[in-house]
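All of these numbers come straight from a predicted model, not from anything done at the bench. Residue numbers start from 1 in every chain, and the chains themselves are labelled A, B, ... in the order their sequence lines are given, proteins ahead of strands.
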There are 2 protein chains.
Amino acid sequence: MRALELVRSGTEADLLVTLFGRCRVTYEGRAASTLGPGDRLVVLKPDGTALVHANEGHQPVNWQPPGSTHAGRLADGELVIESTRESPAERLLVRFEALGHAAAFDPTDPNELALSGTEADLRDRILKSPSLIEDGFEPRATERQTSAGAVDVYGEDADGRAVVLELKRRRAGPDAVSQLNRYVDALDRERHADATVRGILVAPSVTDRAHRLLAERGLEFVSLAPPDSSE
Amino acid sequence: MRALELVRSGTEADLLVTLFGRCRVTYEGRAASTLGPGDRLVVLKPDGTALVHANEGHQPVNWQPPGSTHAGRLADGELVIESTRESPAERLLVRFEALGHAAAFDPTDPNELALSGTEADLRDRILKSPSLIEDGFEPRATERQTSAGAVDVYGEDADGRAVVLELKRRRAGPDAVSQLNRYVDALDRERHADATVRGILVAPSVTDRAHRLLAERGLEFVSLAPPDSSE
DNA sequence: CTATATATGTCGTTA
DNA sequence: TAACGACGTATATAG
């Protein structure tokens, strides 16, 4: 079978292999799933990634993470792709009952994605212009460690009070407030100073629930978004 | 150009279109990105999804969500795929300087994925055998609403005290504890009863930090995993 | 390896 | 539509 040869030689030669056809899929590992017959696109990458894409959705209906091992074989005359990995033990089986297409490509890709508008960009914006938070704010550290984890930005306000910033690149919800709250609690406990630590959530906006939570916990909010790519 | 025709007729006819070749990609929307020349697989789905897959990783290096609109055109003799959506406004541009392959398929897929080992399965396991939590535990409601959101499982212990369960299908971290804490706080405030609400995190295991957080907040932990698919 | 938090997260469900 | 939380999340980074 030509497709089987393609899968074998393709994975062997570190090619990107694509298959399209009618197949069933079973998965067992962190969870377990079965998928009845249907037409899907299967992609096998040289890094061990396997993707099964149906006709809808951004996400693959089934997959195997990078580092997996792909193998092709025939069972009752049908092409079967088996992708496995250990730690955690996971196995993906794709059984084709009809194959419309099979191809292999040499994917040389020297360039990396350049992305802007991330939380890191928001942080850099604040470090460059601390007054965006408030007059007199002075950043002292990023990723400052606490017993509750690393704080996005740590600094002092105009009165010398300790300030913790938690940054979100988009509208923030209750989880962001809880996160900030954990850091403030931890620092309050560790610093055993007179003044309590101020906690400020920095995001373009917050949800109602998050806003209430901030108030309950005595935390603050500053509206700020990552810079446009043009800035 | 044959590939252009394929893209146009394929998207028109609700086919799944795949392209492989050397391309550059730019994206602007919730964030912004550029990607220099390299060999990638582009997938256009009939639901408006666009995927750009490089040779590595489970995730597409660039994409456009379902509901987007794809268009193909020629610019200086090169095939350009443009995928846009509104709300939020986002635009993906893929410009091929070399095309190795183009194909279109009719993806009929009547079957849905059947998945087990989820949080819902863990919840059902508890509802069927409440003593897995502790002797005398009695579930009263799932998705019980509070001012902080819906609680996974709400019930009473042997002494008639209110109990909130927060379920996680896998090892739980600090965020899960914060979530549980929010629900317990909300119920304590709403119920204005004498006895405080008990909060129990139910997961296969917890991280050290999560364990400490539970102790600080007076919350509890019960080790329990979703059932095997065989169970 | 694990732990932690981000993500153009996506996706489903519900108000 | 927005909000909220789950996801086989994946991914990067620090320890």
For dC4(D), does OP1 or OP2 lie under 4.0 Å from any side-chain N or O of Thr207(A)? yes
For Pro66(A) and His58(B), the nearest pair of non-hydrogen atoms, with its separation, is CG-N, 4.0 Å
Length of the line joining Asp175(A):CG and dA3(D):P, which is rounded to integer Å: 13 Å
Which is true for Gly57(B) with a 4.0 Å heavy-atom rule: it touches a base, it touches only sugar-phosphate, or it touches nothing? sugar-phosphate
Within the structure, does a side-chain N or O atom of Arg171(A) lie under 4.0 Å from either OP1 or OP2 of dA3(D)? yes
Between Ala150(B) and Arg85(A), which is nearer to the 5' end of DNA chain D once each is assigned its nearest nucleotide? Ala150(B)
From the options dG8(D), dT6(C), dA7(C), select the nucleotide whose nearest atom is closest to the side chain of Lys168(A). dT6(C)
Of the listed dA3(C), dT11(D), dT8(C), the closest approach to the His58(B) side chain comes from dT11(D)
Arg91(B) and its salt bridge (Lys or Arg N to Asp or Glu O under 4.0 Å) partner, picked from Glu86(B), Glu82(B), Glu28(B): Glu82(B)
Starting at the 5' end of DNA chain C, which residue's closest nucleotide do you reach first, Gln145(B) or Arg212(B)? Arg212(B)
Rounding to a whole Å, what distance do you find between Asp228(B):CG and dG8(D):C1'? 14 Å
Would you measure the distance from the P atom in dT4(C) across to the matching atom in dT8(C) and give it in whole Å? 23 Å
Nearest atoms (heavy-atom pairs only) where Ser83(A) meets His70(A): OG-ND1, 3.0 Å
Report the residue (Leu92(A) or Gln59(B)) whose heavy-atom-nearest nucleotide on DNA chain D is the more 5′ of the two. Leu92(A)
Measure CD/Gln64(B) against P/dA7(C) and give the value in whole Å, please. 19 Å
Would you indicate which nucleotide in dG8(D), dT4(C), dT10(C) comes nearest to any side-chain atom of Arg170(A)? dT10(C)
Closest-nucleotide ordering on DNA chain C, the 5'-leading residue of Asn62(B) and Pro66(B): Asn62(B)
Under-4.0 Å side-chain N/O to phosphate OP1/OP2 contact, Trp63(A) with dA10(D): yes
Are OP1 or OP2 of dT6(C) and a side-chain N or O of Gln179(A) less than 4.0 angstrom apart? yes
In whole angstrom, give me the gap between the C1' atoms of dT14(C) and dG8(D). 25 Å
Give the nucleotide from the list dT10(C), dT6(C), dT1(D) with an atom nearest to the side chain of Arg30(B). dT10(C)
Are any of Arg182(B)'s side-chain N or O atoms less than 4.0 Å away from OP1 or OP2 of dG5(D)? yes
State whether Ser87(B) places a side-chain N or O below 4.0 Å from either non-bridging phosphate oxygen (OP1 or OP2) of dT1(D). yes
So what does Ser33(A) hit on the nucleic acid, given a heavy-atom distance under 4.0 Å: a base, only sugar-phosphate, or nothing? nothing
Below 4.0 angstrom from OP1 or OP2 of dA5(C), is there any side-chain N or O of Tyr183(A)? yes
Please check: side-chain N/O of Lys45(A) versus main-chain N/O of Gly57(B), any donor-acceptor pairing under 3.5 Å? yes
Pairing nucleotide - dT9(D), Watson-Crick or G-U, each distance under 3.5 Å: dA7(C)
